[in-house]
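Written below as structure tokens is the structure these notes are about.
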Amino acid sequence: MSKPEINVITVEDPVEYRLPGINQVQVNPKAGLTFSGALRSILRSDPDVVLLGEIRDHETAQIAIEAALTGHLVLSTLHTNDAPSAVTRLTEMGIEPFLVGSALDCIVAQRLARKLCDKCKEPYIPTPEELKAARFPWVEGEEPPVLYRPAGCTACSKTGYRGRLALHEVMRVSEEIERMAVAHSSAAEIAKVAIEQGMRTLRDDGWIKVIEGRTAIEEILRVVA
């Protein structure tokens, strides 16, 4: 992404990592440099890509949506429980639903889960009751899969976990989801359509990582409500 012919500008609070070739701006509310104020100013610099640390209010959301609609690639974050909720969150901020549907291209939800310690994780065969209680994707009548659970050793300070991994939920905003945004559909209704179109939920992505032996059932249940 960082090329001389591509102008990338960020607005962050704070700037945690200095990246070569990227124009980074740190907000300073005391000096009047807010997300919305900084975003309005940098759009005069004709950026190709804008990274906005967070959309917190109507004014910032409005400018970001307008920038996305005028040919800029805008990347930002929102506080929501899952990917479909981002659509309703923007409309709750006062953005016109038809603008939300037109401006959004893809939404990614992320949760961090603890990773099982490779040195001490132990294999086990869960009982059917455990799998049913966790709503694990297992067909009754089949042999339960071999999963892993934390044990604890000196390498992980007796916790059974070492490091973290990310669970992702990626929702492409299709024409049908655009129409649902215009129709003020709920996040649950949008999620249902997105799943039908191939979206993998946070929990489903977590189950894949459990099957791979990278984390435990208990950790997924803790992280994904």
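- Between Q62 and I95, some side-chain heavy-atom pair lies under the 4.5 Å cut-off.
- For the atom pair CG (L19) and CD (E12), the distance works out to 7.0 Å, reported to the nearest 0.5 Å.
- For T34 and S36, the side-chain atoms include at least one donor-acceptor pair closer than 3.5 Å.
- Using a distance-only test at 3.5 Å, with no hydrogens or angles considered, a donor-acceptor pair links the side chain of E130 to the main chain of T127.
- E178 pairs with exactly one of V173, V100, V87 by the side chain to side chain contact (heavy atoms under 4.5 Å, CB included) rule, that one being V173.
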(request) Assess whether side-chain contact (heavy atoms from CB on, under 4.5 Å) is satisfied between L78 and M93, documenting all intermediate values. (result) CA-CA 11 Å; L78 276 171; M93 284 185 175; 3.8 Å; yes

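- Note on E212 versus K209: no salt bridge recorded, every NZ/NE/NH1/NH2 to OD/OE distance being 4.0 Å or above.
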(request) Please lay out, stage by stage, how R179 and E176 fare under the test salt bridge (Lys or Arg N to Asp or Glu O under 4.0 Å). (result) CA-CA 5 Å; R179 289 194 291 269; E176 187 174 355; 5.1 Å; no

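- The closest side-chain donor-acceptor pair between N7 and D46, if any, does not fall under 3.5 angstrom.
- Heavy atoms of other residues, nucleotides or ligands lying less than 6.0 angstrom from CD of E196 number more than 12.
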(request) Start with the C-alpha distance between L104 and L90, add both sets of side-chain angles, then the distance that settles side-chain contact (heavy atoms from CB on, under 4.5 Å), and finish with yes or no. (result) CA-CA 10 Å; L104 289 178; L90 287 169; 4.1 Å; yes

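- Both W138 and I217 are part of a single hydrophobic cluster, where members link through side-chain heavy atoms under 4.5 Å apart.
- Between the side chain of E122 and the backbone N or O of A151 there is no donor-acceptor pair closer than 3.5 Å.
- Judged by distance alone, with hydrogens and angles left aside, the side-chain atoms of D13 form no donor-acceptor pair with the main-chain N or O of V27 at under 3.5 Å.
- Open room surrounds CG on N81; 12 or fewer heavy atoms of other groups in view lie less than 6.0 Å from it.
- R149 CZ: more than 12 foreign heavy atoms inside a 6.0 Å radius.
- Using modelled atom types, one side-chain atom of S76 and one backbone atom of L52 make a donor-acceptor pair closer than 3.5 Å.
- Atom CD1 of I177 and atom CD1 of I107 lie 7.5 Å apart (nearest 0.5 Å).
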